[in-house]
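Worksheet: one structure, shown below.
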Amino acid sequence: MNSKKYLIVFLLSVLGDFVASCYSYLIAHEWVLSQMFVGFTLPFINFLSIKYFIDSKDTKERLKITCCAASGMAIGSTVMLLLLKDLVN
């Protein structure tokens, strides 16, 4: 699992940011029960992706992990916005 840590961080960041975007959408539309379940799962997704950041001691390694997470979050937000655009139209 350590050999694929960048891929895991990237995919978890995509998923985590997508779920966070869904959470904001659910708040705006007052879907309380769905919001509760999504809000409950979000910290666990983030915990799994931050594990590698905490375990690494080298600043260069942490910067690589941060770049993977930032790229994943950009894609997660974009996917959610595209999904909402298609749902609205």
Side-chain angles (χ1 to χ4, degrees):
M1 202 162 149
N2 223 7
S3 64
K4 306 235 185 235
K5 69 179 159 187
Y6 298 117
L7 179 64
I8 292 169
V9 167
F10 176 79
L11 293 176
L12 285 173
S13 296
V14 170
L15 178 66
D17 201 71
F18 182 82
V19 169
S21 297
C22 288
Y23 183 75
S24 298
Y25 181 78
L26 294 173
I27 288 173
H29 293 282
E30 297 179 357
W31 294 349
V32 177
L33 289 178
S34 300
Q35 175 191 347
M36 179 186 70
F37 289 116
V38 169
F40 181 78
T41 59
L42 190 58
F44 292 103
I45 294 169
N46 290 331
F47 172 75
L48 292 173
S49 72
I50 201 67
K51 176 202 174 299
Y52 294 109
F53 186 84
I54 293 170
D55 287 346
S56 66
K57 303 297 181 209
D58 185 27
T59 303
K60 189 174 181 181
E61 184 76 19
R62 286 183 174 185
L63 183 61
K64 289 179 186 177
I65 292 169
T66 302
C67 287
C68 287
S71 300
M73 290 174 141
I75 291 173
S77 296
T78 305
V79 168
M80 181 59 187
L81 289 173
L82 291 173
L83 179 69
L84 284 178
K85 182 180 174 189
D86 287 342
L87 288 176
V88 172
N89 291 331

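Residue numbers start at 1 and run along the sequence shown.
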key: Minimum heavy-atom distance between Ser56 and Ile65, given as atom pair plus value   =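 In terms of heavy atoms, the two residues are closest at OG-CD1, 4.0 Å.
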
A side-chain contact here means heavy atoms from C-beta on lying under 4.5 Å apart; do [X] and [Y] qualify?
X: Ser13; Y: Asp17; value: no
X: Val19; Y: Ile45; value: yes
X: Val9; Y: Phe53; value: no

Same cluster or not: are [X] and [Y] linked, directly or through other Ile, Leu, Val, Met, Phe, Trp or Tyr residues, by side-chain heavy atoms under 4.5 angstrom apart?
X: Leu82; Y: Val14; answer: no
X: Leu63; Y: Leu7; answer: no
X: Leu48; Y: Ile54; answer: yes

message = I'd like to know if the side chain of Ser49 and the backbone of Asn46 have a donor-acceptor N/O pair within less than 3.5 Å.
response =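 Side chain of Ser49 to backbone of Asn46: a pair is present.
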
Enter the distance from [X]:[atom1] to [Y]:[atom2] here, rounded to the nearest 0.5 Å.
X: Thr78; Y: Leu83; atom1: OG1; atom2: CG; value: 12.5 Å
X: Lys64; Y: Thr59; atom1: NZ; atom2: OG1; value: 12.0 Å
X: Phe18; Y: Leu81; atom1: CZ; atom2: CG; value: 10.0 Å
X: Phe10; Y: Met73; atom1: CZ; atom2: CE; value: 12.0 Å
X: Lys51; Y: Ile8; atom1: NZ; atom2: CD1; value: 9.0 Å
X: Asp55; Y: Arg62; atom1: CG; atom2: CZ; value: 9.0 Å

